[in-house]
Amino acid sequence: MGFVEGCLGEAKFIGDDIFPKTLLPAAGSDRDLAKSVVAGRESLVALLRRHRALLFRGFDVVSADDFERAVEAFEWDAYPFSTSVTTRTKLSDRIYTANESSPELLINFHHEMPLRKEPPSNIFFYCSEPSPEGGETSIVASDVVVEKMEERLPEVMDKVADVGLIHIQVTCSDADADTNAIFNKTWKSFLGTDDKVEAEKRARERLNCSSIHFFSDGSADLVVGPVNPVVEREGRRAWVVPLLGYTDSIDMAGNEFGDGSAPFPQSALHAYREILAENCVDIKWQKGDVLLVDNFAVQHARRPGKSPRRVLVSMCK
């Protein structure tokens, strides 16, 4: 392959495996990431499955076109673009901007579109312009999260396995639509209809919603579950329900036990935050970096930063 192993000071070991694995251009190569991927595709996919995330650094990825060529070199089908509760701009058939909310805002840990019937399997991030301060993309191995939760919260995890969780996601109100908030789409915009009956039908089809509740301010509760928040794929378990929601606002999401007995305990949420903080890796972006993560194995987050920050995304089936 046209790669040599790099060293990322922030990386962590999971067993004997470094997370993430950093790959640099081999000496004498032309630093063309797409060409290097074509030459070593099978080995790279094997490395991704083993290490869960790959960081390509030092390659000549200087434009969205360069990024798209690198993505296409893996020969995975594009994940179809659809509306969401956030603002993204479609740049090409398979390249989008990352969440365009104000970079000063934290985006909490989550798998991408985890509650959809078929979430994307792999996600590429490309740093077109790093934040002058902060703005890191943080990643954590979801199987490690499950393991640590079982160690610290055995009774809670036993109950979750028994009755599941109900997740409530809140869309924004009419007053907050199209602002710089993380969630800035109303249910009408997100679901593409102002008819409540049709909206509920689409919510059930897209998100496996069990119900949707509409409010006078234009917001809505999208209720999913009961579901088992722990999903196993290819021998690894992942915690797929966003316990903290996606934003800093406690009013934008909630979780309760599937039997309706109680909300997810605050003490357990505190332990969950600690587990994330102890096991995550903050990727301090350099211009031209490409990060590839297995969406079935890795949660990601965005740290608060400053403008200008420009990160592009490509999702694969």
Side-chain angles (χ1 to χ4, degrees), residues 1-27 29 33-59 61 67 70-79 109-114 118-127 136-151 230-240 275-276 278-286 288-301 313-317:
M1 291 194 298
F3 304 96
V4 294
E5 185 170 356
C7 180
L8 186 70
E10 299 79 15
K12 296 184 184 297
F13 277 95
I14 304 174
D16 295 329
D17 298 328
I18 194 75
F19 173 78
K21 188 173 183 67
T22 301
L23 297 173
L24 310 176
S29 71
L33 180 56
K35 289 181 180 178
S36 296
V37 169
V38 169
R41 184 185 306 112
E42 291 184 8
S43 296
L44 289 172
V45 172
L47 285 175
L48 175 64
R49 298 302 169 234
R50 176 179 173 182
H51 295 274
R52 303 167 181 80
L54 303 177
L55 175 64
F56 300 96
R57 175 164 284 177
F59 291 87
V61 185
F67 176 46
V71 171
E72 290 177 338
F74 278 89
E75 297 186 348
W76 291 319
D77 291 336
Y79 189 82
F109 283 97
H110 62 284
H111 292 274
E112 193 67 30
M113 304 180 185
E118 295 183 6
S121 59
N122 299 300
I123 305 173
F124 293 85
F125 299 90
Y126 162 59
C127 180
E136 300 92 346
T137 291
S138 189
I139 57 176
V140 67
S142 206
D143 56 313
V144 173
V145 172
V146 174
E147 177 185 335
K148 299 300 182 182
M149 290 181 72
E150 288 175 338
E151 291 175 1
V230 179
V231 174
E232 183 170 339
R233 294 186 178 97
E234 298 182 359
R236 282 194 182 127
R237 295 177 299 165
W239 184 278
V240 299
I275 290 168
L276 294 174
E278 292 165 4
N279 294 280
C280 71
V281 175
D282 288 343
I283 306 296
K284 297 179 180 178
W285 287 114
Q286 295 182 13
D289 281 352
V290 174
L291 175 67
L292 168 59
V293 302
D294 181 340
N295 190 46
F296 295 153
V298 175
Q299 297 185 41
H300 63 276
V313 174
S314 182
M315 294 177 284
C316 303
K317 288 185 178 179

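- Side-chain atoms of Asn295 come within 3.5 Å of backbone atoms of Pro120 as a donor-acceptor pair (strictly under, hydrogens ignored).
- The CZ atom of Phe124 sits 5.0 Å away from the SG atom of Cys316 when rounded to the nearest 0.5 Å.
- Here Gln299 contributes atom CD and His111 contributes atom NE2; the two are 4.0 Å apart, rounded to the nearest 0.5 Å.
- Outside the 6.0 Å centre-distance limit, the rings of Tyr126 and Phe56 are not counted as a close aromatic pair.
- Looking at Arg236, its side chain does come within 3.5 Å of a backbone N or O of Arg49 through a donor-acceptor pair.
- Exactly one of Val140, Val145, Ile275 qualifies for a side chain to side chain contact (heavy atoms under 4.5 Å, CB included) with Cys280. That residue is Val140.
- Applying the 6.0 Å contact sphere to NZ of Lys284 captures no more than 12 heavy atoms from other residues, nucleotides or ligands.
- Taking the charged nitrogens against the carboxylate oxygens, Arg237 and Asp143 have no contact shorter than 4.0 Å, which rules out a salt bridge.
- A donor-acceptor pair under 3.5 Å is formed between the side chain of His110 and the backbone N or O of His300.
- Between the Tyr79 side chain and the Glu118 main chain, a donor and an acceptor come within less than 3.5 Å of each other.
- Side chain of Arg52 to main chain of Asp294: no donor-acceptor pair is present (N/O by atom type, distance under 3.5 Å, no hydrogens or angles).
- Looking only at side-chain heavy atoms (C-beta outward), Glu278 and Lys148 stay at 4.5 Å or farther from each other.
- Side-chain atoms of Asp289 do not come within 3.5 Å of backbone N or O of Cys127 as any donor-acceptor pair.
- Of the possible polar contacts, none joining the Thr22 side chain to the Cys7 backbone as a donor-acceptor pair under 3.5 Å is found.
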